[in-house]
Amino acid sequence: MAQLLNDPAEAVPDALRGMAACHPDLHVDLENRVVRRAGGPRPGKVGLVSGGGSGHEPLHAGFVGHGMLDAACCGAVFTSPVPDQVLAATKAVDSGAGVLHVVKNYTGDVLNFRMAAEEADEEDVRVETVLVDDDVAVTDSTWTAGRRGTGATLFVEKVVGAAAEEGLELAELAALGREVVSRSRSFGVALTACTTPGSDRPGFDLAAGEMEVGIGIHGEPGRERVPLAPAREVARTSVTAIADDMPLDGEVLLMVNGMGGTPLLELYVLAADVRAAVEERGGRVVRALVGNYVTSLEMQGSMVSVCRLDERLTRWWDAPVQTPALRWGR
Amino acid sequence: MAQLLNDPAEAVPDALRGMAACHPDLHVDLENRVVRRAGGPRPGKVGLVSGGGSGHEPLHAGFVGHGMLDAACCGAVFTSPVPDQVLAATKAVDSGAGVLHVVKNYTGDVLNFRMAAEEADEEDVRVETVLVDDDVAVTDSTWTAGRRGTGATLFVEKVVGAAAEEGLELAELAALGREVVSRSRSFGVALTACTTPGSDRPGFDLAAGEMEVGIGIHGEPGRERVPLAPAREVARTSVTAIADDMPLDGEVLLMVNGMGGTPLLELYVLAADVRAAVEERGGRVVRALVGNYVTSLEMQGSMVSVCRLDERLTRWWDAPVQTPALRWGR
Amino acid sequence: MSAVGGTALDADAARAWVRRFAELVQESAVELTDLDRPIGDSDHGVNLRRGAVAVLAALDGPDAPATAADVLRAAGTTLVSTVGGASGPLYGTALRRVGKALVGVDAAGGPELARALRAGVDAVVRLGGAEVGDATMVDALLPAVEALEREVAAGTALPEAVGAAVRAAQEGAESTDALVARKGRASYLGERSAGHRDPGAVSSVLLLRALADALGGPA
Amino acid sequence: MSAVGGTALDADAARAWVRRFAELVQESAVELTDLDRPIGDSDHGVNLRRGAVAVLAALDGPDAPATAADVLRAAGTTLVSTVGGASGPLYGTALRRVGKALVGVDAAGGPELARALRAGVDAVVRLGGAEVGDATMVDALLPAVEALEREVAAGTALPEAVGAAVRAAQEGAESTDALVARKGRASYLGERSAGHRDPGAVSSVLLLRALADALGGPA
Ligand SMILES: Nc1ncnc2c1ncn2[C@@H]1O[C@H](COP(=O)(O)OP(=O)(O)O)[C@@H](O)[C@H]1O
Ligand SMILES: Nc1ncnc2c1ncn2[C@@H]1O[C@H](COP(=O)(O)OP(=O)(O)O)[C@@H](O)[C@H]1O
Ligand SMILES: [Mg+2]
Ligand SMILES: [Mg+2]
Ligand SMILES: [Mg+2]
Ligand SMILES: [Mg+2]
C-alpha cells in the first residue's frame, strides 16, 4: 500500500498534470479531466473517444495521439467518467464527421457514455458506440451485466484509430470496432491485489502461494482462488479459457499484458508459454505485444488477450501510431 | 514474493525464450544469453554492446534494435554477465568498425566486460568502453567503487545508438558516450523491496510508512531509511540531490522512471512535481520520458534521471529508434 | 422549515430529504465502500460521498432551486455530474425523474409522492435492466415503492407509509445477502457473489430513510 | 589419492582443494547469500554455487586437467565463465594465477605454494583495487597469504602453515564487521555498511579452509 502520491483524493488530477508536463503532443483539460491531441480535430476525420475509470494506465490517456484516440476521459480511480466529461471530449473532437465512443462493458461506463451520447445527439453531434466485452472469465448471458471490457480495448483503439486516420466513416468504424471485439478474447489472473488511493487496504487478501483467476481490471477478486501455479499453467489456463470460447486457428495478435506490478522478466517468461499454448491450439502468433498496458494500479498478475487477425486488421495494427504508450511507424 | 515463473533458476533463459517468441526483429542466442538484432552487423557501423544483470528489464535487451543497441548480454538476475557472453556478443556485432561497450559502473560489470574486451583485443576486435556512473546517491571518490550506473544508461544507449547509425567512428562514439555520462545524473527511492527469483525473502524489510532513499537498481537498501514522503517531497529530494551535483540550468531531458512495480498513475503524479522542481532550479524540460525503463524486478519506487542536452544530443535523442521498449520515428 | 408534521413533501421537505441523504451517505461512506470491496471495486461509498458533497453545495448559494421539483432535479443532475460509476446515473436519473413527476406540485401528498417515487424507480429499472432478485439497488427500491403505494392506497398517513417503505427497503437489502448477483460488478464473481449484501441496496435504504427523516418533522 | 600427509600440493591435492572449496561453497551458499542481503544484492552464495557446480563438472570427464597447474587454471577459467558478478573474475583470475605460478611444479612445497598464493592474491588486488580495510575479500586473503609466507619462512610444516593462514583469513573476515566498506556494493551504503561481515571475505575463508582440508590428508 506504499504509494507515491500527494493527496490520494487528487491522484487523478495530479497525474493529469504530470501528463501535461511530459507530453507536449497532448492537451490536458484539467477541468473536465480529458486528455486530447494538442492539434484538435482534423477536418473530415471521425473523432475517437474512450475513457473509463483511472488506475488502468496507460489505458486510456496513454493511447491518445495520431493513429489511436482523439480524446480520453479520465474518471476517478476504477470509476467511470461522468457524462459531462464524455460530452466535453466528444464535442471537442468532433470535426463534423461524428464521434465514435469506445466503451468497456461495465454498467457505469455504459450508462455514463450513453447519457453523454444522448446529450451529444441533442447538440447535433453524431455518436456511435462500440462496446468492448472480451473477458471470457465471465459467462455471457442476456440476464447479466455481460462480459467485462478488458485487454481487447487496446486492440479496438489501435485498429479503429488507424482506420479513422485513413478516413473511414463513422458507421464503418463502428462496424470495424465491433468486428475487432468479436474477434478478441481475454483472460486474467492476479498474484497480488491492489489498493485504491485513499483506501486503507487492498481489494482482497491473498495468502502467499495463492492466486485469483478470472479477474477483471478493477482490483476485484476473480472467479476462483487457487494455489499459485507456474507460468506454464497460467498460460494454459488462460489460453484454454479463451480457446474454449473462440477457435484459435489462423493468424493471431497476442498481448501478454501485465496488471501493473508484474516485472517484464516474468511477462516474458509467461509470453513464451502463452505463445506455445496458442500454437498448440492451432493459432499462429504473427504479432505480439508484451508489457503493462491495461492495468489495475500496482496489482501483480497477467492478462492474456488474443485477436484473430485478417489482412485488414493486420494492416491497421501495423499502421503508424504516436501516443505516449504505443508508438511505432512515425 | 508472488512470481509468475516456472523454475526460478531458469527465469532468465525462460524470459529470453519469451523475447524470441515475441520479437521477430531480434535474434536470441540462448546458449550465450545474448539478444541481438536479427539482421546482423551493418558493414561500417560500430557495434554497440551493453548488458548486465537481469531483473532491470526492459534494460538492456529491450533496447536492442535500430538506433540503439546491437546486442545485450543478459547475466543472472542482478549478476553481471560473464566474459564469454560479452565476447560472443562483441564478435557477433563487429563489422570491422569496432565495438563500443556500454557498462554500468559496478565492480562485477567492469571486471567481466574488461576481461571480454581484452580477449576481443586478442582476436583483433577493437573495443572501447563507456562507463556509466550517474547515481548521485553515492559519494564519488577514487578510494571507493565509485558511483553506480543507473538511469542514464538509457540515455547513453539511445544517444550513442543514434550516432552510431549515422556512422560516427568508435573513438567518437566513446567520447560521445562519456559526454552523455558527464551530463547525466540520477537519484532513486524505494517504497518496497524486491525478491530475487529463488530467494525466499526480499532484499530488505520496509515497515508500512517507510521508504529507502538513495537506492540503486539491484534491490539493495539505499543510503537512508526515512518516513514515506509525499510525491512532492520525493521529487524535491531527488532533484536537490541531482542539482547539488550538477547545475540544472539550460535544456534538459528528464526521465521519471519506475522501479518496476510502481503504477504509471503514480509516476505521472511524481513527474509533475519533478518537472516543477527541475524548473525551480533553472532547468528547462524539453524532453521527458515517464515509465518503467530501468527497474529492479517488482520493486515499487522511482528514479529521476536528468541529462543536460545540447543541440546534438537532442537531435540524437529524437532520432528514430526501433526496439521493444523504446520506439519512435519508424 | 418543513411542512407541518410531514403531511406532504414541499420544497423544504425535499431539501431536507436531499440533505439528509447526503448526511447519511457521508456517515456510511466507509461502510458502503467496505461492502463494495469483496464483490465490487471498493468505491461505492467514495462515489456517493463525492456526490453528497456536490449536492450539498448545489442546494445552497444564489441559484439554489426553489421548488421540490427543482430541488430533486438539481440533486439528480448533480449526482449524474459528479458520482460516475453505475450508481451515479442510476441515482441521479432517479432523482431527476422524481423531480420531474413533482413539477407543478407545491406539496406532494401520499399519492403524488408514491407516483413520483415510482417514476424514479422505474427509471432505475429501465436504465439498468435489473429485476428484483438480481442483487442490486432494485432489490431495495422496488419493494419500497410498492410498500409506499400499498400504504398510501390503504389511507395510511404519510410518515407511517414512508416508514413502511423504509422497512421494505431494508428487508430487500437484506435479501441480497443470499443472492447470486446477475447485474453490476458482483455478477462477475458468479457463485462467489452470494453471501454478501449489495452496497447499492444498502445506500438505497439510506435514500428512503432520509425521506422518512425529512417527513418525520423539521430536520 | 593425495600426496602423503600434506607435505606438498600435487595434482591430486589441487583437485581435492578445488573439490573441497566447491563443497564448502555449496554448504554455505545460503549463508553467503544472506550475508550479501543487507549490504549487497543477495547473490554471492548463488553466484559461487553456480560456479562450484561447473567446477566439479570440469574436474571430471575426458579432458579433466592432469597437473596441479592445470587443475587450478581450469577451475579458475570455469569460475570466470560461470560466476559473473565481482566474485567471478576475482576468484577465477586468482585461481588461474595460482595455477600459472605452479606450471612445471609437480608437487608444490611451502615456498612454491606461498609464492603461488601470493600471485593469486596479487591478482585480486590488482583487478579490484581494494586494500586491507576496504571490507572485501582482500581483508581475508591478504592476511592469509602473509601468514603463510611467514610460517613457511619460519620453517613450519605445510599443514600447520596453512592452518595459520586459515586463522588469519578468519580474523580478517571478522575484522570486516566493524568496517565502513570502500569497495564492492557495500560501499554504496556508506556508513550503513558498518556492522556487517563481508560475504566475499567469508567465502575466502572457505577457500583457505578447503586448502587446509586438502593438505590435511586424503579428502
Ligand atoms: N444494472 C444495474 N441496475 C441497478 N443497479 C445496479 C446495476 N448495476 C449496478 N447497480 C448498483 O450499483 C451499485 C454499485 O455502485 P458503484 O460502486 O458506485 O458503481 P460501480 O459498480 O460502477 O463501481 C451496486 O451495488 C448495485 O446496487
Ligand atoms: N573491488 C573489489 N576488490 C576485492 N573484492 C571485491 C571487490 N568488489 C567486491 N568484492 C568482493 O566480492 C564480493 C561480492 O561478490 P558477489 O556478490 O558474488 O558479486 P556482486 O557484488 O557483483 O553481486 C564482496 O563481498 C567482496 O568481498
Ligand atoms: Mg467503480
Ligand atoms: Mg550481483
Ligand atoms: Mg463500485
Ligand atoms: Mg552480490
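In this text, all values refer to a predicted model and were calculated from it rather than measured experimentally.
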> Below 4.5 Å, heavy atoms only, C-beta onward: do A:D273 and A:R236 meet side chain to side chain?
Replying inline: no

>> With a 4.5 angstrom heavy-atom cut-off, is it the side chain or the backbone of B:A11 that approaches chain A, or both, or neither?
In response: both

> Which atoms of B:V77 come close to chain A, meaning under 4.5 Å heavy atom to heavy atom: side chain ones, backbone ones, both, or neither?
Replying inline: side chain

>> Within this structure, what is the CD1-CZ distance for the pair A:I215 and A:F187, rounded to the nearest 0.5 Å?
In response: 9.0 Å

> Who wins among A:C194, A:P58, A:G329, A:A271 for the most heavy-atom pairs under 4.5 Å with chain B?
Replying inline: A:G329

>> Under 4.5 Å from any heavy atom of chain B, what part of A:D7 do you find: side chain, backbone, both or neither?
In response: neither

>> Given heavy-atom pairs under 4.5 angstrom as the criterion, report whether the side chain, backbone, both or neither of B:P324 touches chain A.
In response: side chain

>> With heavy-atom distances below 4.5 Å as the criterion, would you say the side chains of A:H60 and A:E157 are in contact?
In response: yes

> In terms of heavy-atom proximity below 4.5 Å to chain A, should B:N292 be classed as side chain, backbone, both, or neither?
Replying inline: neither

> Highest number of heavy-atom pairs under 4.5 Å with chain B: which of A:H56, A:R232, A:R275, A:M211?
Replying inline: A:R232

> Between A:G18, A:G258, A:P24, which shows the greatest number of heavy-atom pairs under 4.5 Å with chain B?
Replying inline: A:G18

> Can you tell which of B:A272, B:A288, B:P230, B:A231 has the highest number of heavy-atom pairs within less than 4.5 Å of chain A?
Replying inline: B:A231

> Donor-acceptor pair, B:R327 side chain versus B:V321 backbone, under 3.5 Å?
Replying inline: no

> Should B:E298 and A:Q300 count as side-chain neighbours, where that means a heavy-atom distance under 4.5 Å?
Replying inline: yes

> Looking at A:L265, A:N6, A:V274, A:L264, which has the largest count of heavy-atom pairs under 4.5 Å with chain B?
Replying inline: A:N6

> Of the non-hydrogen atoms in A:P81 and A:G53, which two are nearest, and what is the gap between them?
Replying inline: CD-N, 4.2 Å

> Contact part of B:H23 toward chain A, heavy-atom cut-off under 4.5 Å: side chain, backbone, both or neither?
Replying inline: side chain

> Pick from B:L206, B:L289, B:T295, B:D14: which one has the most heavy-atom pairs with chain A under 4.5 Å?
Replying inline: B:D14

> Can you list the steps and then say if A:V252 with A:V278 is a side-chain contact (heavy atoms from CB on, under 4.5 Å)?
Replying inline: CA-CA 9 Å; A:V252 304; A:V278 167; 3.9 Å; yes

> Got B:L191 and B:V189 here, is their nearest side-chain heavy-atom distance under 4.5 Å?
Replying inline: yes

>> Using side-chain contact (heavy atoms from CB on, under 4.5 Å), reason through B:M299 and B:T262 one step at a time and then give a plain yes or no.
In response: CA-CA 7 Å; B:M299 175 182 279; B:T262 284; over 6 Å; no

> For chain B, which of A:L5, A:V256, A:V234 has the most heavy-atom pairs under 4.5 Å?
Replying inline: A:L5

